[in-house]
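Below is one structure, written out as structure tokens; comments come after it.
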Amino acid sequence: MSSIGTPIDETGLLVREHGAFVLQRDRGGRYVLELPRVPVDHVQKRVRVQGVVCGEGRVAAEGVSAA
């Protein structure tokens, strides 16, 4: 995984786990997403996430869009 502050641009499956949104990355691994808005239209779909790593396995997502 990447260091805190590293920008990311990843694709994968957006899932909901225990009240959080998680990106299951196409390249393997996963990120728990911190989101400004809830992307309910994209849950269980392939998405592109852009943001910045803000902790171990966590990304402050600037955007979620269909991939």
Side-chain angles (χ1 to χ4, degrees):
M1 295 281 175
S2 303
S3 302
I4 293 175
T6 302
I8 64 115
D9 188 342
E10 298 269 354
T11 56
L13 182 67
L14 181 67
V15 296
R16 189 108 193 237
E17 287 184 6
H18 310 290
F21 290 95
V22 175
L23 178 68
Q24 293 178 341
R25 301 167 58 209
D26 287 342
R27 298 189 304 168
R30 52 189 252 138
Y31 284 123
V32 176
L33 304 177
E34 294 183 8
L35 298 158
R37 69 173 197 65
V38 179
V40 293
D41 296 346
H42 296 301
V43 175
Q44 293 299 320
K45 295 181 182 168
R46 193 164 176 272
V47 296
R48 176 182 178 195
V49 173
Q50 295 174 299
V52 177
V53 175
C54 62
E56 184 67 35
R58 298 187 74 79
V59 168
E62 297 164 358
V64 176
S65 59

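All values derive from a computational prediction rather than experimental measurement.
In this structure, the side chains of Val47 and Pro39 stay at 4.5 Å or more apart for every pair of heavy atoms.
When all heavy atoms of Ala61 and Pro36 are compared, the pair lying nearest together is O-CD, 3.4 Å. Considering every non-hydrogen atom in both Ala60 and Cys54, the closest pair reads N-SG, 3.6 Å. Shortest non-hydrogen contact noted between Thr11 and Ala67 is CG2-CB, 4.2 Å.
Separation of atoms CD (Gln24) and CD (Glu10) is listed at 13.0 Å; rounding is to 0.5 Å. Here the straight-line distance linking atom CD1 of Ile8 with atom CZ of Arg48 works out to 10.0 Å at 0.5 Å rounding. The NE2 atom of His42 sits 12.5 Å away from the CG atom of Leu13 when rounded to the nearest 0.5 Å. To the nearest 0.5 angstrom, Leu33 atom CG is 9.0 Å from Arg58 atom CZ.
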- request: Take Val32 and Glu17, measure what side-chain contact (heavy atoms from CB on, under 4.5 Å) needs, and give me the verdict at the end.
  value: CA-CA 9 Å; Val32 176; Glu17 287 184 6; over 6 Å; no
message: Using the rule given for side-chain contact (heavy atoms from CB on, under 4.5 Å), can you reason through Gln44 versus Val15, listing the C-alpha separation, both sets of side-chain angles and the distance that settles it, and then say yes or no?
response: CA-CA 5 Å; Gln44 293 299 320; Val15 296; 3.5 Å; yes
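Leu35 is connected to Val43 through a chain of hydrophobic side-chain contacts under 4.5 Å among Ile, Leu, Val, Met, Phe, Trp and Tyr, so both are in one cluster. Linking ILVMFWY residues whenever their side-chain heavy atoms come closer than 4.5 Å, directly or via other members, places Val64 and Val40 in the same cluster.
Geometric assessment of Arg16 against the ring of Phe21 yields a positive cation-pi assignment under the 6.0 Å and 45° thresholds.
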